[in-house]
Amino acid sequence: MSSHHIFPFAARTSDLETVGGKGLSLASMSHAGFDVPPGFTIATSAYREFVTTGDLQQKIIGLARPELVGRTISFEAASESIQALFAGAKLSNSLKTQIADAYGELGETPVAVRSSANAEDLPDLSFAGQQDTYLNVRGVDAVGAAVLNCWASLWTARAIGYRHENDIAQDAVAMAVVIQSMVPSNVSGILFTANPATGERSEMIVNASFGLGEAVVGGEVTPDTFIIERDTLAVKETMIGGKEHMIVSADGQGTNTRELTAAEREQASVSEPLLKTLAALAIKVEDHFQGMPQDIEWAMTFSSRSTPSSSPAEGSETLFLLQSRPIT
């Protein structure tokens, strides 16, 4: 069976139009030898093939028009109509087989299913949070359903409106989907290789919290914030966030939320030695991307750690890179 829509991260042939922003970044970091959880990308060609069947693309573009609600332009009605088209659709047997084969090569492990549009992670535009991510997805049927949902998220009201405001043609966009082995992270977060608020290149900013990174990326908790001096990798300032809860993988599909104790909330989620290790790695990632300041998603697992409040043994941590994009 041909897998012409599947691009493993290890594949050498990929570009933005084929695998989208996330897929391209992950493949690039994988080739460079960074610790990226294994996975593959379902190319934009699969999405394009899907929407051309039964003239679905023409229907979508015909619906993706604004309406005036009071004095405000709205895409809510357009989005609802387009979402209904995806809700009643199914993947082709050929694509289901290709996904099943690639998923099987990962060992049918729990995966993260993440949208990877061909018009995202660009230096001058920020599409962060506009498309969907599904965590701890188990089984090929669930993966296929998550792929359809990711495709549909290309047509949320927010995404349509953002493209409209920035003169991006609605018929030019397409969605790839990243399938990546889940990391059972004890601590996760984001690192900016330059201060995103001031543009200062001499300092890096780390936001971190316990559990899966979606709590930080999705703005669900007030994370710890660390300011790191770039030249020395010393921690200049530490601000302990509320870290109200942590997100963990459920026993079945998806995730659960666990409230943190007062003691856990008051504890720094990352020690200074690990922050130094993380910052040093981030500089290498930035160098890999030609010195462009990066917004990096990362996750740490501790082999000896059972609760957020316990300290990892020296050398027991494993640091993974989940994504890197230009700071916009």
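Values below: all heavy atoms of this structure, side chains included; hydrogens, waters and symmetry mates excluded. Keep in mind the model is a prediction, meaning the values are calculated, not measured.
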Using every non-hydrogen atom in the two residues, find where [X] and [Y] come nearest and quote the distance to one decimal.
X    : Y    : answer
L95  : I42  : CD1-CG2, 4.2 Å
L16  : L24  : N-CD2, 3.7 Å
E286 : M292 : CG-O, 3.3 Å
G20  : A176 : N-CB, 4.1 Å
G242 : R265 : O-CG, 3.2 Å
A208 : F226 : CB-CE1, 4.3 Å

Between [atom1] on residue [X] and [atom2] on residue [Y], distance to nearest 0.5 Å:
X    : Y    : atom1 : atom2 : value
T156 : Q83  : OG1   : CD    : 7.0 Å
R201 : N195 : CZ    : CG    : 11.5 Å
E237 : I227 : CD    : CD1   : 4.0 Å
S185 : E214 : OG    : CD    : 11.0 Å
M29  : H288 : CE    : NE2   : 7.5 Å
R230 : T232 : CZ    : OG1   : 12.0 Å

Mind checking whether [X] and [Y] have side chains closer than 4.5 Å, heavy atoms only?
X    : Y    : answer
P196 : I205 : yes
R114 : Q323 : yes
I179 : T41  : no
Q180 : F9   : yes
L191 : L281 : no
S249 : M182 : yes
P38  : L106 : yes
Q294 : F192 : no

Does [X] share a hydrophobic cluster with [Y], counting links as ILVMFWY side-chain heavy atoms below 4.5 Å and allowing steps through other members?
X    : Y    : result
F320 : I296 : no
L321 : L233 : yes
L148 : I60  : yes
F40  : V111 : yes
I247 : I190 : no

S45 side chain to H5 side chain, donor-acceptor N/O pair below 3.5 angstrom: yes

Is it the case that the side chain of [X] and the backbone of [Y] share a donor-acceptor pair, with hydrogens and angles ignored and the cut-off at 3.5 Å?
X    : Y    : value
E244 : T222 : yes
T53  : E49  : yes
N207 : G189 : no
D55  : Q58  : no
S188 : G211 : yes
H31  : A10  : yes
E264 : T261 : yes
S25  : S324 : yes
E203 : A194 : no
N136 : A250 : yes

Using the side chain to side chain contact (heavy atoms under 4.5 Å, CB included) rule, take V147 and Y47 through it: C-alpha gap first, then chi angles, then the decisive distance, then the call. CA-CA 10 Å; V147 170; Y47 170 85; over 6 Å; no

Quick one, L278 with L319, criterion side chain to side chain contact (heavy atoms under 4.5 Å, CB included). Give me CA distance, side-chain angles, the key distance, then yes/no. CA-CA 8 Å; L278 177 60; L319 176 58; 3.9 Å; yes

Over 12 non-hydrogen atoms of neighbours within 6.0 angstrom of [atom1] in [X]:
X    : atom1 : answer
K236 : NZ    : yes
I73  : CD1   : no
R65  : CZ    : no
D171 : CG    : yes

Evaluate the side chain to side chain contact (heavy atoms under 4.5 Å, CB included) criterion for residues R258 and L260: first the C-alpha distance (whole Å), next the side-chain angles of each, then the deciding distance (0.1 Å), finally the verdict. CA-CA 6 Å; R258 179 172 83 74; L260 295 179; 3.9 Å; yes

Where do Q98 and S94 land on the side-chain hydrogen bond (donor to acceptor under 3.5 Å, both in side chains) test, with the steps shown first? CA-CA 6 Å; Q98 293 176 52; S94 172; 3.2 Å; yes

Which one of L274, N186, T318 satisfies the side-chain contact (heavy atoms from CB on, under 4.5 Å) criterion with M300? L274

Run the side-chain hydrogen bond (donor to acceptor under 3.5 Å, both in side chains) check on S79 and E76 step by step: do they pass? CA-CA 5 Å; S79 177; E76 292 293 341; 5.7 Å; no

Salt-bridge criterion met for E297 and K22 (N-O under 4.0 Å):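 Not counted as a salt bridge, because no side-chain N and carboxylate O are separated by less than 4.0 Å.
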
Taking NZ, NE, NH1 and NH2 as the nitrogens, is one of them in R48 or E17 under 4.0 Å from a carboxylate oxygen of the other? yes

Apply the test side chain to side chain contact (heavy atoms under 4.5 Å, CB included) to residues Q267 and K243: give CA-CA distance (whole Å), side-chain angles for both, the deciding distance (0.1 Å), then the verdict. CA-CA 9 Å; Q267 179 195 1; K243 301 189 296 292; 5.7 Å; no

Let's go through D132 and Y134 carefully: what are the C-alpha distance in whole Å and the side-chain angles of both, what is the deciding distance for side-chain hydrogen bond (donor to acceptor under 3.5 Å, both in side chains) to 0.1 Å, and is it a yes or a no? CA-CA 7 Å; D132 287 347; Y134 297 90; 3.0 Å; yes

Measure from the ring center of F86 to the ring center of W151 and say whether it is less than 6.0 Å.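 Judged by ring-centre distance (under 6.0 Å), F86 and W151 do not meet the cut-off.
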
